[in-house]
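Everything numeric in this text was worked out from a predicted model, so none of it was measured. Reckoned from all heavy atoms, side chains included, excluding hydrogens, waters and symmetry mates.
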Amino acid sequence: MDILVTGGAGFIGARVAARLAAAGHRVRVLDALLPAAHPAGPPGPGALPDGVELRVGDVRDRDAVEDALRGADAVCHQAAMVGLGVDLDDAPGYVGCNDLGTAVLLAAMARAGVRRLVLAGSMVVYGEGRYRCAGHGDVAPGPRRPADLDAGLFEPPCPHCGAPLAPDLVDESAPADPRNVYAATKLAQEHLAAAWARACGGRAVSLRYHNVYGPGMPRDTPYAGVASLFRSALARGEAPRVYEDGRQRRDFVHVDDVAAANLAVLEADGGHPFRAYNTGSGDVHTVGEMAAALAEAAGGPRPVVTGQYRLGDVRHVTADSGRLRRELGWRPRVGFAEGMAGFAAAPQRAGAPAGAS
């Protein structure tokens with residue numbers, strides 16, 4: 001296939017492009033190379049495999065997108081501004097990059113007759129993950145209250161009786177409940193993709209990435225994933241600073257496994273007009289455990305649990321990736337201990353004040 005990878009010079013996109021090229025596909029990359037995401041300038045030699053064509057252009061630019069789509073059989077849409085953002089002043093940037101950019105791309109795909117799309121989705125569309133109350137069964141916690149968080153009460157209570165809740169794995173049938181601007185834009189991307197698929201007879205798949213980590217993550221940016229922030233601190237000889245009590249449950253999935261999931265979707269035959277797949281390791285760890293594993297592997301100072309919080313964060317969200325395994329035969333290959341040890345020694349990208357890629 002001839003595959004266009006948007007955002008293909010970024011952290012995940014570059015790994016996806018390399019995996020597709022290694023599988024024998026013709027790959028071209030469209031990336032705006034915005035200074036916020038690429039402060040060191042264009043990627044140097046070796047950043048993309050031989051034969052992968054890099055075109056500099058923004059997915060919000062109709063002409064650039066139409067030119068990049070010529071001859072394409074499929075699109076792997078990785079371009080996005082990532083992270084929670086700092087405050088609501090970030091909202092126009094997120095909506096512009098993520099939703100307007102996706103709309104421009106989908107309209108151009110419809111005109112060009114390109115009918116296969118893989119979208120870089122996100123676990124954040126779920127908000128809080130799955131919880132069970134002993135008395136009320138599966139429940140959705142209410143919004144986190146600053147007064148509770150200030151008091152160190154980080155676990156969400158049952159909204160009906162106030163009893164403690166037991167967190168569990170979340171599957172794709174869970175209702176969407178975006179709890180910050182970034183999450184809202186990622187859900188809107190899925191709605192746009194589903195509408196495009198129905199309108200033009202296409203096939204769209206959203207891979208709802210969980211906490212992706214690995215070599216090449218950007219360093220020293222408030223928009224980066226928590227693994228990157230901890231890795232950056234250790235590189236400076238500082239202790240990772242863990243928010244809340246460090247017991248937040250997450251699913252950390254290696255970027256190479258995410259790239260393999262993109263390949264599996266693109267090479268699959270047929271399927272639903274729109275389908276979402278959780279893309280996680282299936283191995284639950286706390287944020288504190290991840291920080292400790294990185295610190296030990298890097299030989300750095302032990303993590304410090306601060307008790308601080310960000311109101312837009314969720315407490316627990318972990319993946320049930322069974323659908324992706326059953327339907328497409330995908331399996332994560334990089335285990336937690338192996339992945340963290342490798343990441344602790346891997347280079348990072350230059351720092352950036354924002355998260356677009």
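Arg116 and Asp73 are not joined by a salt bridge, as no carboxylate oxygen comes within less than 4.0 angstrom of a charged side-chain nitrogen. The existence of a salt bridge linking Arg275 and Glu172 is excluded, since no basic side-chain nitrogen approaches an acidic carboxylate oxygen closer than 4.0 Å. The pair Arg315-Asp245 meets the salt-bridge criterion, since a charged nitrogen lies less than 4.0 angstrom from a carboxylate oxygen. A salt bridge between Glu155 and Arg247 is absent, with no side-chain N of the basic residue lying under 4.0 Å from a carboxylate O of the acidic one.
Residues Pro273 and Ala197 share a closest heavy-atom pair of O-CB, 3.3 Å. Here the closest non-hydrogen pair linking Met1 and Leu266 is CE-O, 3.1 Å. Contact detail for Phe336 and Asp283: the closest heavy-atom pair is CB-OD2, 3.7 Å.
Side chain of Arg219 to backbone of Ala235: no donor-acceptor contact under 3.5 angstrom is found. Formation of a donor-acceptor pair under 3.5 Å by the Tyr131 side chain with backbone atoms of His316 is found in this model. Side-chain atoms of Thr306 come within 3.5 Å of backbone N or O of Val242 as a donor-acceptor pair.
Under a cut-off of 6.0 angstrom, the local environment of CZ in Arg145 is sparse, with at most 12 non-hydrogen atoms contributed by other residues, nucleotides or ligands. Atom CD of Glu296 has 12 or fewer heavy atoms from other residues, nucleotides or ligands within 6.0 Å. A 6.0 Å sphere centred on CZ of Arg111 holds more than 12 heavy atoms belonging to other residues, nucleotides or ligands.
The one candidate from Arg70, His25, Arg28 that meets the side chain to side chain donor-acceptor pair (under 3.5 Å) condition with Asp2 is Arg28.
Note on Val52: it clusters hydrophobically with Ile12, by side-chain heavy-atom contacts below 4.5 Å among ILVMFWY residues. The hydrophobic clustering, which links ILVMFWY residues whose side-chain heavy atoms are closer than 4.5 Å, places Leu263 and Leu117 apart.
In this model, no donor atom of one side chain and acceptor atom of the other lie less than 3.5 Å apart for Glu338 and His254. No hydrogens or angles considered: a donor-acceptor pair under 3.5 Å links the side chains of Arg208 and Tyr126. Using modelled atom types, one finds no donor on one side chain facing an acceptor on the other under 3.5 Å when comparing His210 with Ser281. For the residue pair Asn262/Gln78, the side-chain donor-acceptor check at 3.5 Å is satisfied. When only modelled atom types and interatomic distance are considered, Asp150 and Tyr309 share a side-chain donor-acceptor pair under 3.5 Å.
Ring geometry for Tyr213 versus Phe252: interplanar angle over 60°, hence perpendicular rather than tilted (30 to 60°).
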